[in-house]
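Because the structure is a prediction, the values reported are computed rather than measured.
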Number of protein chains: 2
Amino acid sequence: MDERTKPVGRPPNAATSAALKEAALRLMREYGYRKVSIADIASAAGVARQTLYNRWKTKADLVLEAVFEETALVAAEPDAAGEESCRVQLETFLSNVFRHLDRDGDAMRSLIAAAQEDESFQEEFRTRFILPREEMVTGLLRRAQERGEIGRNRDPEFLSTLIHGAMWYRMLNGQVVDAAFAHDIVEEVFRS
Amino acid sequence: MDERTKPVGRPPNAATSAALKEAALRLMREYGYRKVSIADIASAAGVARQTLYNRWKTKADLVLEAVFEETALVAAEPDAAGEESCRVQLETFLSNVFRHLDRDGDAMRSLIAAAQEDESFQEEFRTRFILPREEMVTGLLRRAQERGEIGRNRDPEFLSTLIHGAMWYRMLNGQVVDAAFAHDIVEEVFRS
DNA sequence: TGACTTAGTGGACGCCAGTCCACAAAACAA
DNA sequence: TTGTTTTGTGGACTGGCGTCCACTAAGTCA
């Protein structure tokens, strides 16, 4: 049952998806999500508008994929075998995530906004972005529990909601989300 | 310097604004923010589309005003002279707010979304909705500090961010926001 | 080679938000 | 009554998103 049967028909242009994501990110960062139209992105990538729709359902889907690939580099999963305390690991992780928001925070805000009006994208966003992040945090907090850094009676899922909620709230209200804020959050979570 | 000089020109129809807000709320609750167009609202209120734009800048501004008036009834400010503990007062307040979300949660989500793409509405939303709510919570928490229910070393502003952040995060992710959640939040805030 | 299949192109279309404008309607002032 | 000011109306218009479609391009299969 070899699934890798040779595909029939004209093969998709290999460079096109990368060019579209690159153009999308570049234009977003310069002008902001709202000001950049699908037509702008397609034209910047030198491709027809319909070609973009052949590969992604909406503008939000394209930007999600583009931002996600960047994020994976910046917000690397904390190392389970790390020597540092979980507390330090969490603060480092949050600082990294927050630093990434300096670049793509505007896009993130717009993706969250898009998810509110589009059921299908909400699902996609949740699966590819939110749940993985939550698991990084709850995993770290469970290790913290095993090491005795936080009490057994505390709920990692709930704490993750507090952490991400604080981040979203500040971000969506256009307030600063910086290392000092990360420190305050960690302080609260590890408060004995 | 009497400002209440008799206005010249055709007076605005007194019933129109109320009819538009009523129609907006009713249609939103039945079909959802996204599915209801400005034209739908105007036509349901028996008024020209331009008349709506004469009174509000955008769809979001109209809905904000409509929802705000409802909210003021449900989420009344906790009584500073109340006999109950601040802890109970906070849990009651949050439960009331959360109950209101059953009705207008969809509209709230869409307003938050709209604020992400519209600088001017973001400002309006913040001033009329978010800041008053934050002050209710920080005020309550400060009284809790005076009464010794929470430590002097804790920051009411930061705690308010945690509280509202948790609520937003759950709401924007389509998860349940109920009395049990309110209880968990209060538990965390008043944890000694 | 020719049949088939999939990708890419360009243009038309429907829907909606928000703007603009000319004109009618309702008030007041002289 | 006539002029002035403001509200309300209806229609045209721009620009964006997403869909549809006919046509062309680039591959595989027999």
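B/Arg34 places its CZ atom 14 Å from the P atom of C/dC15, with the value rounded to the nearest Å. Summarising the geometry, the separation between CG on B/Asn13 and P on D/dT6 is reported as 18 Å, rounded to the nearest angstrom. We find that OH of B/Tyr33 is positioned 12 Å from C1' of C/dC16, with the value rounded to whole Å. Rounded to a whole Å, the CG atom of B/Leu27 is 13 Å from the P atom of C/dC16.
A donor-acceptor distance shorter than 3.5 angstrom exists from the side chain of B/Gln145 to the backbone of B/Gly151, with no hydrogens or angles considered. In terms of modelled atom types and a separation under 3.5 Å, the side chain of A/Asn173 and the main chain of A/Tyr169 share a donor-acceptor contact.
Geometrically, B/Lys59 does not engage B/Phe121 in a cation-pi contact, judged by NZ or CZ lying under 6.0 Å from the ring centre and within 45° of the ring axis.
Just one of A/Arg26, A/Lys21, A/Arg29 meets the salt bridge (charged side-chain N to carboxylate O under 4.0 Å, His left out) condition when paired with A/Glu70; it is A/Arg29. Each of A/Glu188, A/Glu149, A/Glu187 was compared with A/Arg87 under the salt bridge (charged side-chain N to carboxylate O under 4.0 Å, His left out) criterion, and only A/Glu187 meets it. A/Ile130 pairs with exactly one of A/Arg128, A/Arg133, A/Glu134 by the side chain to side chain contact (heavy atoms under 4.5 Å, CB included) rule, that one being A/Glu134.
Which of D/dG8, D/dT5, D/dA26 sits closest to the side chain of B/Pro12 comes down to D/dG8.
Remark: the B/Arg10 side chain and the D/dT6 base include no donor-acceptor N/O pair separated by less than 3.5 Å.
Within residues 35-60 of chain A, the residues approaching DNA chain C are A/Val47, A/Ala48, A/Arg49, A/Gln50, A/Thr51, A/Arg55, by heavy-atom distance under 4.0 Å.
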